[in-house]
Structure formats: structure tokens, C-alpha cells
Asks: 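Encoded as C-alpha cells, here's the structure I'll be asking about.
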Protein chains: 2
Amino acid sequence: MENPLENRFTAADIADAERYMAHEPPAEIDPRIERLVNDLIGRIADKWTLLVLELLEEKGTLRFTQIGRQVEGISQKMLTQTLRQMERDGLLTRTVHPVVPPRVDYALTPLGNSLSAAFCGVWVWAERNLEMVEAARATFDARD
Amino acid sequence: MENPLENRFTAADIADAERYMAHEPPAEIDPRIERLVNDLIGRIADKWTLLVLELLEEKGTLRFTQIGRQVEGISQKMLTQTLRQMERDGLLTRTVHPVVPPRVDYALTPLGNSLSAAFCGVWVWAERNLEMVEAARATFDARD
DNA sequence: CGGAATCCTCGATGATACTG
DNA sequence: CAGTATCATCGAGGATTCCG
């Protein structure tokens with residue numbers, strides 16, 4: 001490899017780093033890209049999506065009803081909808097086995113696994129800071 | 001410090017690590033705690049909350065109308081609601097200045113800053129993988 | 001300026017029934 | 001089993017008005 005760095009970072013990353021070294025402000029964000037990113041976050045930062053993501057990360061491949069049973073409180077409609085959305089975004093694969101009774105397996109793609117890893121920090125934060133948040137809420141609720 | 005490790009990790013962390021070293025399964029999660037964590041995630045993994053969090057992280061202290069102008073598309077009602085919820089959870093401070101016209105400043109607490117940092121990985125993931133997700137969507141939508 | 005209060009709508013979600 | 005289809009609801013959120 002001639003230049004290993006350029007193979008591991010995107011052109012945007014390198015441009016950012018160079019701006020940082022030159023003490024220049026960060027690049028203006030393309031508003032179109034920003035909207036797409038916000039939309040994407042909006043789709044994945046969803047209660048059911050997060051729970052399904054964590055479940056599949058932990059358990060590997062699961063069937064439709066297995067997921068339904070392990071995601072507390074999800075309706076069959078929302079489960080179908082969530083799984084379809086995640087499949088559409090490339091986060092998981094849906095494998096239909098042509099048998100009777102039907103059998104459909106769901107598993108995270110590498111993309112889905114990488115998202116799960118990215119969210120790991122948020123789960124850890126939530127667990128670590130749960131008590132502090134609950135204490136803040138108690139104080140807030142008790143104000144005058 | 002006698003034992004620096006025990007000052008930087010919680011008892012639960014150490015117990016987890018010891019179970020891991022002993023090849024034992026992870027501790028069962030208290031369902032009550034799990035619900036609280038899920039609720040917490042549900043509150044913070046919200047579109048407006050995330051946008052306000054990122055904005056305050058980037059800009060520091062801001063006034064009510066400044067936030068409203070910079071968070072694209074948020075209504076005054078949702079802004080008030082989001083800020084109150086974040087204040088209640090201890091993520092930001094609300095400072096009322098007794099002047100006319102009124103002036104109210106909002107700024108992240110250390111807790112809010114740490115959450116923002118935890119979410120950083122998700123934003124980076126979204127930016128890095130946006131093209132891949134959009135490609136997956138295009139392929140999915142074009143199936144048969 | 002920084003809200004609170006009110007009304008209203010519509011889309012997300014649940015419940016139910018049906019099916020390959 | 002793994003959905004689809006249909007109907008019903010209900011509450012999140014927008015628009016508007018008023019106020020200290």
C-alpha cells in the first residue's frame with residue numbers, strides 16, 4: 001500500500017483533519033446531506049428499532065415470532081413494520097424458507113452490527129447515568 | 001491511591017469483568033432497571049432532543065429563540081416541551097434573567113455533555129454510512 | 001422575549017379478522 | 001407461522017392567541 005492513511009479515511013475526513021491542523025473552521029455542511037442524516041437518525045433512533053437491533057446483536061439469527069416474544073410490548077403490526085424498515089435500510093436480512101409452516105429468519109447485516117456498536121456507547125451511558133438522571137428528576141419534580 | 005481500578009470502575013463493571021474472565025454468562029438484568037433504561041433511551045432518542053443536544057454541545061449557551069431558529073422546523077410548543085424534559089432529566093440548565101424583555105439561557109450540564117459524547121458515535125456512523133444506507137434503500141425499492 | 005393555554009388535526013399505533 | 005388488510009382511537013404535535 002502506497003498510502004495506508006488514504007485507504008482508511010475518507011477524503012472528507014482528511015479535509016477535516018487538515019482544516020483542524022490549520023485552525024480553520026469546519027466545512028459547512030451540505031444542507032441536503034444534513035437532512036438525509038437527520039432523517040436516517042430519525043428512523044434508527046426509534047424505540048422498537050433500537051430494541052430489535054440490540055436483541056439481534058445479542059442473539060444472532062431469530063425468527064419472526066421469537067423476536068415478537070422477546071421484545072416486550074411490541075404489536076405484530078409494529079414488528080413487521082420495524083423489520084421491513086430495517087431491511088430497507090440495509091440493517092438486517094430477511095430470509096424466507098419455502099417450507100410449511102413458513103419460516104422467516106432475521107439477522108443483522110455488517111451494517112446493522114456496526115450501528116449496534118455505535119449505539120453501544122449510548123446504552124452504556126444510560127446504564128451508568130440512570131441513577132443520576134433519576135435523582136435529577138426527583139429534585140426537579142420536588143421543586144417548590 | 002490504593003487501588004486505582006476500583007475507583008474508576010463501578011462494582012457492577014468489576015463483577016461483569018470477573019464473570020467474563022470466568023467464562024460465566026452475564027448477570028441477569030433487573031427488569032425494573034431495564035424498563036427505566038428503556039424509558040430513558042426513549043426520552044433521549046428523540047428527534048428534537050438529539051438536535052437540541054447537538055446544537056448546545058456545539059454552540060455552548062443559547063437563548064430560547066436562538067435555539068428555535070437554529071433547530072429547523074421545530075414548533076415553539078415542542079421546543080418548550082423538549083427543553084423542559086431535558087432540564088428535568090438533568091441534561092441542561094435553564095437560567096432566567098430577571099430583566100425586561102425576559103432572557104432565558106440554556107446550557108448543557110456535564111451530564112448533557114457526556115450524553116452528547118456518547119451519541120457522537122451514532123452521528124459519525126450515520127454520516128459515514130449514509131451512502132450505503134441510501135444505496136440499500138434504492139435497491140430495496142427497485143426489487144422486482 | 002419567552003412562554004402558557006387553547007383548539008384541532010392527522011398520522012402513528014393497537015385491535016381484530018383473515019390467509020397462503 | 002408469518003404475515004396482510006381493515007377499522008378504530010388517541011395522543012403527539014401544529015397553529016393560533018394571549019400574557020407578564
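Note that the coordinates shown come from a computational prediction; the quantities given were computed from them, not determined experimentally. Each chain gets a letter, A, B and so on, in the order the sequences are listed, and its residues count up from 1.
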Asks: Please answer: with hydrophobic residues joined when any side-chain heavy atoms are less than 4.5 Å apart, are B:V99 and B:Y106 in the same cluster?
Replies: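 No, B:V99 does not connect to B:Y106 through the hydrophobic network.
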Asks: Measure from the side-chain heavy atoms of A:S75 and tell me the nearest of C:dG14, C:dC1, C:dG3.
Replies: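 Between C:dG14, C:dC1, C:dG3, the one nearest the side chain of A:S75 would be C:dG14.
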Asks: Whole angstroms only, please: what is the CG-P distance between B:L79 and D:dG13?
Replies: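 Rounding to the nearest Å, CG of B:L79 and P of D:dG13 are 13 Å apart.
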Asks: D:dG3 P sits how many Å from A:Q81 CD, rounded?
Replies: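 So the CD-P distance, A:Q81 to D:dG3, works out to 13 Å.
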Asks: Rounding to an integer number of Å, can you tell me how far A:D105 CG sits from D:dC1 P?
Replies: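 Spelled out: CG on A:D105 to P on D:dC1 is 14 Å.
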Asks: On the nucleotide C:dC1, are OP1 or OP2 found under 4.0 Å from the side-chain N or O atoms that B:R69 carries?
Replies: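 The answer is no; no side-chain N or O of B:R69 sits under 4.0 Å from OP1 or OP2.
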Asks: So, does B:Y106 get its side chain near the phosphate of C:dC1, meaning an N or O under 4.0 Å from OP1 or OP2?
Replies: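 No, B:Y106 has no side-chain N/O under 4.0 Å of OP1/OP2 on C:dC1.
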Asks: Charged N to carboxylate O below 4.0 Å: is that the case for A:D141 and B:R88?
Replies: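 Judged by the 4.0 Å cut-off on N to carboxylate O distance, A:D141 and B:R88 do form a salt bridge.
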Asks: Side chain of A:M78 only, heavy atoms from C-beta on: which candidate in C:dG14, C:dG2, D:dT4 is closest?
Replies: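 That would be C:dG14.
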Asks: Are any of B:T65's side-chain N or O atoms less than 4.0 Å away from OP1 or OP2 of C:dG2?
Replies: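 Checking C:dG2 against B:T65, a side-chain N or O does come within under 4.0 Å of OP1 or OP2.
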Asks: Roughly how many Å is it from CG in A:L83 to C1' in D:dT4, rounded to a whole number?
Replies: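 It is 15 Å, rounded to the nearest whole Å.
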Asks: Are A:R43 and A:D39 within salt-bridge range, i.e. N to O under 4.0 Å?
Replies: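 Judged by the 4.0 Å cut-off on N to carboxylate O distance, A:R43 and A:D39 do not form a salt bridge.
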Asks: Just to confirm, is there a sub-4.0 Å distance from OP1 or OP2 of D:dA2 to any side-chain nitrogen or oxygen of A:R94?
Replies: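 Looking at the OP1 and OP2 atoms of D:dA2, neither is under 4.0 Å from any side-chain N or O of A:R94.
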Asks: Taking the nucleotide of DNA chain D with the nearest heavy atom to each, does B:K77 or A:R63 sit closer to the 5' end?
Replies: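 On the 5' side of the pair lies A:R63.
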Asks: Between atom NE2 in A:H97 and atom C1' in C:dG20, what is the gap in whole Å?
Replies: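 These atoms are roughly 18 Å apart.
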Asks: Side-chain N or O of A:R103 less than 4.0 angstrom from OP1 or OP2 on D:dG3?
Replies: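 No.
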Asks: Nearest whole angstrom, please: distance from the P of C:dA12 to the CG of A:D46.
Replies: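 It is 11 Å, rounded to the nearest whole Å.
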Asks: Would you please classify the geometry between the B:F119 ring and the A:F119 ring as parallel, tilted or perpendicular, with 30° and 60° separating the classes?
Replies: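 The arrangement is perpendicular - the two ring planes meet at more than 60°.
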Asks: Spell out yes or no: do the side chain of B:Q76 and the base of C:dA4 have one donor N/O and one acceptor N/O closer than 3.5 Å?
Replies: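 Donor-acceptor pair under 3.5 Å: yes.
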Asks: Nearest of D:dG14, C:dG3, C:dC1 to any side-chain atom of B:V104?
Replies: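 From the listed options, C:dG3 comes nearest.
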Asks: In whole angstrom, what separates B:K47's NZ from C:dA12's C1'?
Replies: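 Between C1' of C:dA12 and NZ of B:K47: 14 Å.
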Asks: Please tell me whether A:K59 and A:Q66 have a donor and an acceptor in their side chains that are separated by less than 3.5 angstrom.
Replies: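 Result is no, nothing qualifies.
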Asks: Expressed as a whole number of angstroms, how long is the span from A:I74:CD1 to C:dT13:P?
Replies: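 Atom-to-atom, A:I74 to C:dT13, this comes out as 10 Å.
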